[in-house]
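Working notes for the structure below.
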Amino acid sequence: MDSLDQEKKYTLFAGRLSPIVDCVVALAAGVLTTLSAAPFSLWWLGPVAVALVYWKIQSLTPAMATLRGWCYGVGLFGSGTSWVFVAIHDFGGTGAVVAMLLTTLFISALALFFAIPFGLYRCITGPRLAFLSFAGMWVVSEWLRTWLFTGFPWLLLGTSQIDSPLAPWAPVGGVYLLSLITALTGTLGVEVLRRRWVFLVPMAGLWIVPFLLPAQWTTPAGKPIQVALLQGNLDQRIKWTAQGQREAISIYTAMTREQAKDIDLIVWPEAALPMLEQEAQRILEQVASDLGPDTALLTGILQRDGEGRSYNSVIGLNDVQGEYQKAHLVPFGEYLPFQSLLADTLAFFDLPAPRLTPGSDVQAPLHVAGTTIGTAICYEIIFADHVAQQARNAELLLTVSNDTWFGRSIGPQQHLQMARLRALENGRHLLRATSNGVTAIIDAQGHVTARAPQFEQTGLTGEVTPMQGLTPFSRTGSGLAWILAALLTLLGLPLNLSRSKNDAFDEKEPRDVLGK
């Protein structure tokens, strides 16, 4: 009798402990995904993280699958977007307690983009072909995160594969195809661990095909262009003060005069001069007069139109045609979503209300130094389809950014990795000019060919080659990968519907830490 009582107590204890351990494993999987991305770049951990989340998820209730997804999201964003606290507290002037509260809310909300899809996955799919439907649902969750509530496609699974053997898939289907293949590697790996050896064949195929793809989809369109990217390293805390304005003017005008006369293009970062274009007009005219006759300059700057609307823009000096206005603004940083609902909340926390206006979704490329340049300002570089749209009519890509908001966190390295993937996806050389790093020149295969040290006032010189032709991804964007992900998800739907409601999930199947 005593042994039976002890066994019942153990079973009860194990049942209570299992959800806790399951959450810990899911949290760890989220952290592993962060480690797969920059600056750690342990890309092989990406499939491992997927495998941990996928393992025996079919034995969980929808509620437990939702909890597993949420814990994974907390682990991912808690470790991978910790820089949000730095931006809010160190540079936003918010107290530590409020900053921690806002960061926690941010992470908890983002985690729902895994919680809800994984709970839904458990409701609508059956055990057969689960390795396909789970990978498809993973990318569906990334698709939702890309556009819902203005979108936040940061730390997409596929981004971590920029340096892996899977990278040649990027010009074919972009970051979401990379995510799908990485997720499939994880789910197929689980099936192999279950001694279903036949799954080794498709898993090997996913990793062998990239060696058969073209090494380069685009070709040079002209001679290399000599460029100089200037990194002023101005302290963000004083940037928008009178002192900051004076220092910015002194830094960038002096650094520009120091550049060689054979430079074709000089680039200043986002909002290099902390003032409106109208206020900087006299300074810009002086800079233009100091440039060589064949040297153009591009700079990020704020603009205001006749109706009082403000834009985050890139303009040019010395025979530059066109300008660019940032179309995808940072929510809460540059504009306030749901303004009628959230304005009072910002006032309660004593936070500034952003007031920038987005530019048009479709803008012509800049004509500079005998070539065309597609532009993305800061946050926009993380949106693969926005950059692909720019690349279709451009021979080079440019992104200017003010990454001082990240402080000394891992954020700038993650930002650079996403820029590298945009270059690879579109077969275009990419210039990345930032306020304090990481300033870099990236070739058409996503390799960094030159890089400036962070947190230093410096100029980075090098050359880039205009490219012509389009990659498959540049032509079609992410649509095909999204459709494929949706189809894979739906493969599990009819099988689940064929079962009765009573046996939709097997209560007799034991559930341990990994959902067995």
Side-chain angles (χ1 to χ4, degrees), residues 14-30 32-33 47-77 108-145 148 157 179-180 182-191 193-194 196 199 482 484-516:
R16 289 175 177 174
L17 184 63
S18 180
I20 297 174
V21 179
D22 190 81
C23 287
V24 172
V25 172
L27 285 166
L32 292 182
T33 307
V48 173
V50 174
L52 288 174
V53 181
Y54 168 68
W55 188 273
K56 291 293 184 179
I57 196 171
Q58 286 294 331
S59 67
L60 300 180
T61 64
M64 284 301 299
T66 300
L67 179 61
R68 180 184 285 194
W70 187 79
C71 289
Y72 170 81
V74 169
L76 172 63
F77 297 115
S108 300
L110 281 178
L112 293 175
F113 283 103
F114 290 101
I116 296 173
F118 289 173
L120 179 63
Y121 161 82
R122 185 60 195 87
C123 288
I124 68 174
T125 62
R128 295 181 182 180
L129 299 180
F131 68 96
L132 293 178
S133 56
F134 184 82
M137 182 59 81
W138 190 290
V139 177
V140 168
S141 73
E142 292 192 340
W143 167 71
L144 288 170
R145 186 154 55 92
L148 198 61
L157 184 65
S179 289
L180 185 61
T182 306
L184 279 171
T185 300
T187 59
L188 287 168
V190 170
E191 300 304 324
L193 290 175
R194 291 170 174 162
R196 298 174 182 176
F199 288 103
W482 290 339
L484 179 59
L487 291 175
L488 292 181
T489 303
L490 293 176
L491 284 177
L493 182 58
L495 297 174
N496 200 47
L497 292 178
S498 67
R499 302 186 302 172
S500 68
K501 292 182 179 179
N502 292 330
D503 63 0
F505 132 36
D506 186 3
E507 290 287 355
K508 296 181 180 180
E509 188 175 3
R511 285 173 241 133
D512 63 8
V513 52
L514 295 177
K516 293 180 181 178

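Since the model is a prediction, treat every value here as computed from it, not as a measurement.
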Check your understanding: What's the spacing between Leu132 CG and Leu487 CG if we round to 0.5 Å?
Key -> 11.0 Å

Practice item. Answer yes or no on whether Arg68 is positioned over the face of Trp55, meaning its NZ or CZ is under 6.0 Å from the six-membered ring centre and within 45° of the axis. Key: no

Revision key, fill the gap. All heavy atoms of Met137 vs all of Ile124, minimum pair found to be CE-CD1, 4.4 Å

Review point. Are Val74 and Trp70 close enough that some pair of their side-chain heavy atoms sits under 4.5 Å apart?
Key: yes

Review point. How far does CD1 of Ile57 sit from OG1 of Thr187, to the nearest 0.5 angstrom?
Key: 11.5 Å

Exercise for review: Report the C-alpha distance between Val50 and Phe134 in whole Å, list the side-chain angles of each, state the deciding distance to 0.1 Å, and finish with yes or no for side chain to side chain contact (heavy atoms under 4.5 Å, CB included).
Suggested key: CA-CA 9 Å; Val50 174; Phe134 184 82; 4.0 Å; yes

Exercise for review: State, with a plain yes or no, whether a side-chain heavy atom of Phe131 is found less than 4.5 Å away from one of Leu129.
Suggested key: yes

Check your understanding: Ile116 versus Thr66: any side-chain heavy-atom pair under 4.5 Å?
Key -> no

Review point. When rounded to the nearest 0.5 angstrom, what is the spacing between CG in Leu120 and SG in Cys123?
Key: 6.5 Å

Exercise for review: Mind listing the closest non-hydrogen atom pair of Leu180 and Ala135 along with its distance?
Suggested key: CD1-O, 3.6 Å

Revision key, fill the gap. Nearest heavy-atom approach of Leu488 to Gly136 is CB-CA, 4.2 Å

Exercise for review: Could you check Val53 against Phe118 for side chain to side chain contact (heavy atoms under 4.5 Å, CB included), going step by step and ending with a plain yes or no?
Suggested key: CA-CA 10 Å; Val53 181; Phe118 289 173; 3.7 Å; yes

Revision key, fill the gap. Tightest non-hydrogen contact, residues Leu32 and Val48, listed as CD1-CG1, 4.2 Å

Review point. Roughly how far apart are Leu148 CG and Ser141 OG, rounded to 0.5 Å?
Key: 12.0 Å

Check your understanding: Taking atom CG of Leu76 and atom SG of Cys71, what is their separation to the nearest 0.5 Å?
Key -> 12.5 Å

Exercise for review: Could you pull out all residues at least two apart from Ala130 that satisfy side chain to side chain contact (heavy atoms under 4.5 Å, CB included)?
Suggested key: Tyr54, Gln58, Tyr121, Ser133

Point to revise | Test item: Thr61 and Arg122 side chains (from C-beta on) under 4.5 Å apart, heavy atoms | key: no

Exercise for review: Tell me, please, which residues at least two apart from Thr185 pass side-chain hydrogen bond (donor to acceptor under 3.5 Å, both in side chains).
Suggested key: Trp207

Check your understanding: Tyr72: what forms a ring-ring contact (aromatic ring centres under 6.0 Å, His included) with it, not counting sequence neighbours?
Key -> Phe114, Trp138

Review point. Which heavy atom of Pro117 sits nearest a heavy atom of Leu144, and at what distance?
Key: CG-CD1, 4.3 Å

Check your understanding: What pair of heavy atoms forms the shortest contact from Val190 to Ala51, and how long is it?
Key -> CG2-CB, 3.6 Å

Review point. Under the ring-ring contact (aromatic ring centres under 6.0 Å, His included) test, which residues partner Phe113, sequence neighbours left out?
Key: none

